Amino acid sequence: MNGKHLVKLGLEKKAIALAQTAATQRETAGLTRDDILNELRAVQQNPAAYAAGGVYAPLAAELLAQQATVDARKGSELRAQPLPYPTWGADLIDPGAHRQMDVAMRLPISRAGALMPDAHVGYGLPIGGVLATENAVIPYGVGVDIGCSMMLSILPIQPDALRTDEATTLLLKHTRFGAGVAFEKRDRQDHEVLHESTWQDQPILRHLFDKAATQIGTSGSGNHFVEFGTLTLPTADLGLDPGEYLAVLSHSGSRGFGAQVAGHFTALAERHHPTLAPEAKKLAWLPLDHEDGQAYWQAMNLAGRYALANHHLIHTRLARALNVTPLAQVSNSHNLAWKQTVNGQDLIVHRKGATPATQGQLGLIPGSMADPGYVIRGLGHDAALHSASHGAGRQLGRKAAANTLNKKDVQAYLTQRGVTLIGGGIDEAPQAYKRIQDVIARQTDLVNVIASFQPRVVRMDTGSEDI
DNA sequence: ATGTCC
């Protein structure tokens with residue numbers, strides 16, 4: 001037996017060496033060359049049958065590994081051309097966001113997608129991107145802040161009945177902001193989400209429980225906020241008469257817990273797809289029929305419930321301090337994946353900075369720290385995968401905002417609109433965002449606006465450079 | 001988004 005025979009079988013370097021070793025043993029056992037070659041062909045045809053043990057086991061293992069690599073590469077290959085997808089407000093969207101969406105639409109698991117008018121560049125899927133996949137979930141298609149969401153509480157209080165200084169005191173006393181911020185043990189908040197048995201189902205959830213328990217009820221950094229403002233309801237809805245109401249609006253996420261879940265499963269997804277093209281690396285996915293995909297799905301949904309619980313605690317404390325019960329509440333997640341039927345197919349719809357907007361569904365689209373936010377009802381637009389924008393969207397990146405905007409202009413903008421700001425960084429300046437009115441105008445076929453909310457006293461984290 | 005590597 002020599003190398004030539006083995007090359008003829010179609011074996012490669014490492015496999016040839018293993019085959020040679022096995023063949024030598026079989027020759028010693030008295031088999032003819034033709035018998036051995038027949039055995040080798042049988043191993044090639046069905047390596048799994050020989051992997052458990054015996055003289056051909058090392059060769060069989062190598063052949064199985066080779067096949068797995070080939071399969072993985074094949075399963076991770078991008079389409080030559082992106083599937084087409086509709087865009088709302090293309091005139092407001094920079095080319096970078098489209099380039100990212102194009103890569104997402106080349107994934108073999110992608111089936112449909114849409115770009116919302118607040119879209120801008122993010123990690124992996126662009127912010128404002130909606131992506132429907134088959135039997136797969138993309139951790140970075142959901143984003144780092146899993147379950148990031150909005151909540152509005154409408155209070156039985158006239159807007160001018162709460163003075164600005166009173167609102168300021170309440171926000172300072174009852175909200176906590178900043179990366180890494182947690183409550184002291186004696187101030188720790190409680191919520192039923194912390195009592196779910198889900199926390200015991202995975203090592204990473206067990207590990208992150210303490211962090212989650214100490215951070216629940218806090219707000220993070222960046223664009224997260226809690227604010228008092230005036231809600232204007234032009235026609236009866238939400239079980240309320242038309243009129244003006246004092247309201248609390250918050251933007252918050254799943255804090256360190258969600259961020260670490262996202263990091264863990266993104267790394268896991270990348271290991272699932274080692275041959276994925278570099279431009280799609282941050283779009284690595286987990287199959288939902290695999291235990292890793294199921295684990296992400298469970299952790300993601302827990303982070304979604306946790307983020308909403310976070311809002312509830314913030315709103316409950318503020319309402320209690322005012323000695324009132326909210327008349328109505330609206331909330332929605334805008335960083336999450338949902339099971340949804342698309343064109344008759346059961347798919348996974350990722351919304352990364354996009355508001356679910358199925359027919360009649362309530363949602364919240366905030367503007368900026370000084371511009372109005374809107375309560376909307378979805379119109380269930382099929383091509384938008386029943387979605388809308390999640391806000392105004394960035395016009396300037398954080399660095400660009402810090403470099404081009406100055407405190408004086410931001411203060412003037414706030415003063416003109418009668419907005420008091422506690423904390424807040426220059427990178428969150430209203431001028432860093434697209435005009436919310438423009439963004440809303442580009443999606444009149446996706447949502448109906450039913451009420452507007454003008455911020456009055458806003459609390460955010462202290463940014464790298466204060467305003 | 002997150003104490004930016006559990």
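We name chains A, B, ... by the order of the sequence lines, and we start the count at 1 in each one. The model shown is predicted, which means the values in this text are computed figures rather than measured ones.
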Whole angstrom value for the distance that separates [atom2] of [N] from [atom1] of [X]:
| X | N | atom1 | atom2 | value |
| --- | --- | --- | --- | --- |
| Asp210(A) | dG3(B) | CG | C1' | 17 Å |
| Phe265(A) | dC6(B) | CZ | C1' | 15 Å |
| His224(A) | dT2(B) | NE2 | C1' | 10 Å |
| Phe209(A) | dC6(B) | CZ | P | 20 Å |
| Lys211(A) | dG3(B) | NZ | P | 4 Å |
| Arg398(A) | dT4(B) | CZ | C1' | 13 Å |
| Leu208(A) | dG3(B) | CG | C1' | 14 Å |
| Phe177(A) | dT2(B) | CZ | P | 10 Å |

### Summary
Note: for Cys148(A) and Gln260(A) on DNA chain B, the residue whose nearest nucleotide lies more 5' is Cys148(A)
### Message
I'd like to check the side-chain contact (heavy atoms from CB on, under 4.5 Å) partners of Pro82(A); sequence neighbours left out, ordered by chain and number.
### Response
Asp102(A), Met105(A), Arg106(A)
### Task
Step by step, work out the ring pair (Phe, Tyr, Trp, His ring centres under 6.0 Å) result for Phe265(A) and Trp297(A).
CA-CA 10 Å; Phe265(A) 283 99; Trp297(A) 194 257; over 10 Å; no
### Task
Scan Gly253(A) against the nucleic acid and name what it touches under 4.0 Å (heavy atoms): base, sugar-phosphate only, or nothing.
nothing
### Task
Identify whether any heavy atom of Ser221(A) sits under 4.0 Å from a base atom; if not, whether one sits that close to sugar-phosphate; answer base, sugar-phosphate or nothing.
sugar-phosphate
#### Entry: Contacts of type salt bridge (charged side-chain N to carboxylate O under 4.0 Å, His left out), residue Asp91(A), not counting sequence neighbours
Arg442(A)
### Message
Taking CZ in Arg79(A) as the centre, count heavy atoms belonging to other residues, nucleotides or ligands within less than 6.0 Å. Is the count above 12?
### Response
yes
### Message
Given dC6(B), dT2(B), dG3(B), identify the nucleotide with an atom nearest to the side chain of Gln215(A).
### Response
dG3(B)
